Protein chains: 2
Amino acid sequence: MPPLPKPTKSVTLHDVAREAGVSLITASRALSNPGVVSDKTIARVQQAVEVTGYIPNLLAGGLKSRRSMTVAALVPAISVAQFLPTVQALTESLDAAGYQLILGQGGYDHSREEALLNTLISRRPDGIVMTGLVHSPAARERLRHLRIPVVETWDLSDRPVDMMVGFSHLKVGSAVAGYFLSKGWKRLGIATGDDHRASIRREGFVSTVGHEVPTAVVPAPSNMARGRQALAELLAKDPALEAVYCSSDQLAQGVLAEAQARGLRIPADLAVCGFGDADFAAHMEPALTSVHVDGAAIGRLAAQLLMQRCQGHEVVQRVVDVGFRIIERRSTLAGAG
Amino acid sequence: MPPLPKPTKSVTLHDVAREAGVSLITASRALSNPGVVSDKTIARVQQAVEVTGYIPNLLAGGLKSRRSMTVAALVPAISVAQFLPTVQALTESLDAAGYQLILGQGGYDHSREEALLNTLISRRPDGIVMTGLVHSPAARERLRHLRIPVVETWDLSDRPVDMMVGFSHLKVGSAVAGYFLSKGWKRLGIATGDDHRASIRREGFVSTVGHEVPTAVVPAPSNMARGRQALAELLAKDPALEAVYCSSDQLAQGVLAEAQARGLRIPADLAVCGFGDADFAAHMEPALTSVHVDGAAIGRLAAQLLMQRCQGHEVVQRVVDVGFRIIERRSTLAGAG
DNA sequence: CTGTTAGCGCCTTCAA
DNA sequence: TTGAAGGCGCTAACAG
């Protein structure tokens, strides 16, 4: 390895203390626990901070205090639009409490989960947020043993590692199927991503319908191109398809585009329901029916639970079901289109 | 403050060393610099790691070695779709080199820039990636003084803080205007976000057209709903509009939806060009002409420059222009629609 | 190849 | 209200 750039001796609290004419620890307290220091001293220290351009070293502080003031979040991929509001709300809520987010991309590959968790843990986060459940038993065991607050999100199960903010994907699938059946549609199809949660939704859908339905499974990332392919595939399986449930609004967008390209009228010839209620769903032509999930609320709640635990409070309700609801729009409004 | 949870005395390198029957530093070297340790010792240490469940503490290591193995990235908001491929590629490239990303959301508000940078700097990142330029003079000064590698992205200027990977927004606007003019369209309009880079593109557009053009400025976030409003606004200003340039594909999507809702044929009645070449652009009906920018390449290049500098190498080409190109599709193909 | 020594910058514990 | 030690977990720098 080539020589590293010479370490720039940065301004430390020591320099601030000297500048202010107080001891190191007094300077420390003036900044992090002002209540126990006289106002005069605080003013002197703050001025010294200005003069020296001091920026605290949270790495050093965290070493002794055992609070890194960071939270690690594990997402399959940043570009999965579904989780964006959650990550955004999480970042904002944590920031308001002085915490920073460390992001880890795990893909949908369970085998990478443990390795990635270890990497993140080596940064000693004060909490961990997972999008999805922790699947690897080794990882579950490790997390429990570390006694770090953990929030699993976007799903529910009866054996949380610690805390949980999500909803039932089985019920989502079931609800969409019930909705389709209530409309009198019989020839149903599914366009779905291949991830775990989407599969569970499919399971709920099928079990409510009562029999298997034509399904097009598309690999990640779930986007418009895949949606177009998926509809082509479904129509090949059943040219008389009446309604399609899509595991994401991006897929649904592709399904709609492909349907329109084939001259199918929505919803007269084909009804479409998406999942996620993306910001564009309401503004498409026709507007897209979708399953709404409050992703931002998931992020805020996760942050809230984490912060409570970081401050030593007990959390009574450790599993929060945020629910979901079907937003009916023109793409499934019989009589329209 | 309530009592903090009792610190769980975690497994340290000390425990590993004792378990392996070697000294602390030997254990350290076996893990981080195996080249200088005998194979037998390495094996013993690795086994001790397994037995004890040791996970290194990078905070402690970083304190001494002055390398935190983190990179801070400052984005306006995670949900700005434009930057997603960049952030994703950045995360992946850094991960491959053992670095983690710390994400800071700054909004488009320049006044928050310095505060956020200070927060991030207190984590002592080994490098900083900005989406956009550093605007605040105080922040520029501070970054220079810290001598941390900094990459400004998604833009170019003649006075980089340190390194730069981007393209000219002025040229983008100019190119789109030139393209419209070459098609013979005279009644032009702009639907644009209110951020700095979008404004510069507008400037380039107007200066090539040679006179002001009807403009609808929409606040962030740039999405389909705003696009629909924007077209309504533009048509109110000029009912005979022939072509619209949009500062994002999301806006363009809204413009297209609004046009279709009004019975306008694309592109016969109205031609539309977006910016960003989002993954859905090619699959819309009609397919959307857009300005393609390789966001993932920006992320990869930024990571590459940073890693070089972190390893003490000189970087010769400190400003990289990744360019752009107009992808022509049906939404501007005269004769179609 | 291995070990000893001395901190990194800050905060906790005790004492004044 | 302030200060003096000591140590968090690890790794550079130097010895053996």
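Hydrogens, waters and symmetry mates are skipped; everything else that's a heavy atom, side chains included, is used. Because the structure is predicted, anything quoted here is derived from the model rather than measured. Throughout, a chain's letter reflects where its sequence line sits, starting with A, and its residues are numbered from 1.
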Problem set entry | Polar side chain donor-acceptor pair, Asn57(A) to Arg123(B), under 3.5 angstrom | no
Exercise. Distance only, no hydrogens: is a donor on one side chain within 3.5 Å (strictly under) of an acceptor on the other, for Ser122(B) and Thr119(B)?
Worked result: no
Exercise. Ignoring hydrogens and geometry, is there a side-chain-to-backbone donor-acceptor pair from Asp15(B) to Thr12(B) under 3.5 Å?
Worked result: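 Indeed, once roles are kept as given, a pair shorter than 3.5 Å links the two residues.
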Problem set entry | Donor-acceptor contact below 3.5 Å, side chain Glu114(A) vs main chain Ser136(A) |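 Absent.
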Exercise. With a 4.0 Å cut-off on heavy atoms, is Val37(A) in touch with a base, just the backbone sugar-phosphate, or nothing at all?
Worked result: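 Sugar-phosphate contact only.
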Tell me: [atom1] of [X] to [atom2] of [N], nearest whole Å?
| X | N | atom1 | atom2 | value |
| --- | --- | --- | --- | --- |
| Arg18(A) | dC10(C) | CZ | P | 13 Å |
| Leu59(A) | dC11(C) | CG | P | 12 Å |
| Leu31(A) | dC11(C) | CG | P | 8 Å |
| Asn57(A) | dG7(C) | CG | P | 18 Å |
| Leu24(A) | dC8(C) | CG | P | 12 Å |
| His14(A) | dG7(C) | NE2 | P | 13 Å |
| Leu13(B) | dG3(C) | CG | P | 13 Å |
| Arg123(A) | dG9(D) | CZ | P | 17 Å |

For this session: Could you check which residues of residues 38-45 of chain A get a heavy atom under 4.0 Å from DNA chain D? Sort them by number, please.
Result: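 Heavy-atom cutoff 4.0 Å gives Ser38(A), Thr41(A).
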Exercise. Of Leu63(B) and Gly21(A), whose nearest nucleotide on DNA chain D comes first from the 5' end?
Worked result: Gly21(A)
[X] side-chain N/O to [N] phosphate OP1/OP2 under 4.0 Å:
| X | N | answer |
| --- | --- | --- |
| Arg66(B) | dG9(C) | yes |
| Thr26(A) | dT2(D) | no |
| Ser28(B) | dT11(D) | yes |

Problem set entry | Given DNA chain C, 5'-ward residue of the pair Gly35(B) and Ala60(B), judged by closest heavy atom |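 Nearest-nucleotide comparison on DNA chain C picks Gly35(B).
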Problem set entry | Residue whose closest nucleotide on DNA chain C lies nearer the 5' end, Ser23(B) versus Leu58(A) | Ser23(B)
Problem set entry | Thr153(A) versus Met130(A), closest heavy-atom pair with distance |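 Between these two residues, the closest heavy atoms are OG1-O, 2.6 Å.
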Side chain of [X]: nearest nucleotide among [options]?
| X | options | value |
| --- | --- | --- |
| Thr12(B) | dT13(C), dG3(C), dC10(D) | dC10(D) |
| Arg29(A) | dT13(C), dG9(C), dG9(D) | dT13(C) |
| Lys64(A) | dT11(D), dG3(C), dG6(D) | dG6(D) |
| Ile25(B) | dC10(C), dC8(D), dT11(D) | dT11(D) |

Exercise. For the base of dG9(D), is there a side-chain donor-acceptor partner from Arg124(A) under 3.5 Å away?
Worked result: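 No pair found.
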Exercise. Is any NZ, NE, NH1 or NH2 atom of the basic residue among Asp39(A) and Arg44(A) found under 4.0 Å from an Asp or Glu carboxylate oxygen of the other?
Worked result: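 Between Arg44(A) and Asp39(A) there is no salt bridge, as every charged N stays at least 4.0 Å from the carboxylate O atoms.
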For this session: Output yes when Asp95(A) and Arg112(B) qualify as a salt bridge under the 4.0 Å nitrogen-oxygen rule, no when they do not.
Result: yes
Between side-chain atoms of residues 70-83 of chain A and protein atoms elsewhere (two or more places apart, or another chain), which donor-acceptor pairs fall under 3.5 Å?
{"unit_1": "Thr70(A)", "atom_1": "OG1", "unit_2": "Ser68(A)", "atom_2": "OG", "d": "2.8"}
{"unit_1": "Ser79(A)", "atom_1": "OG", "unit_2": "Gln88(B)", "atom_2": "OE1", "d": "2.5"}

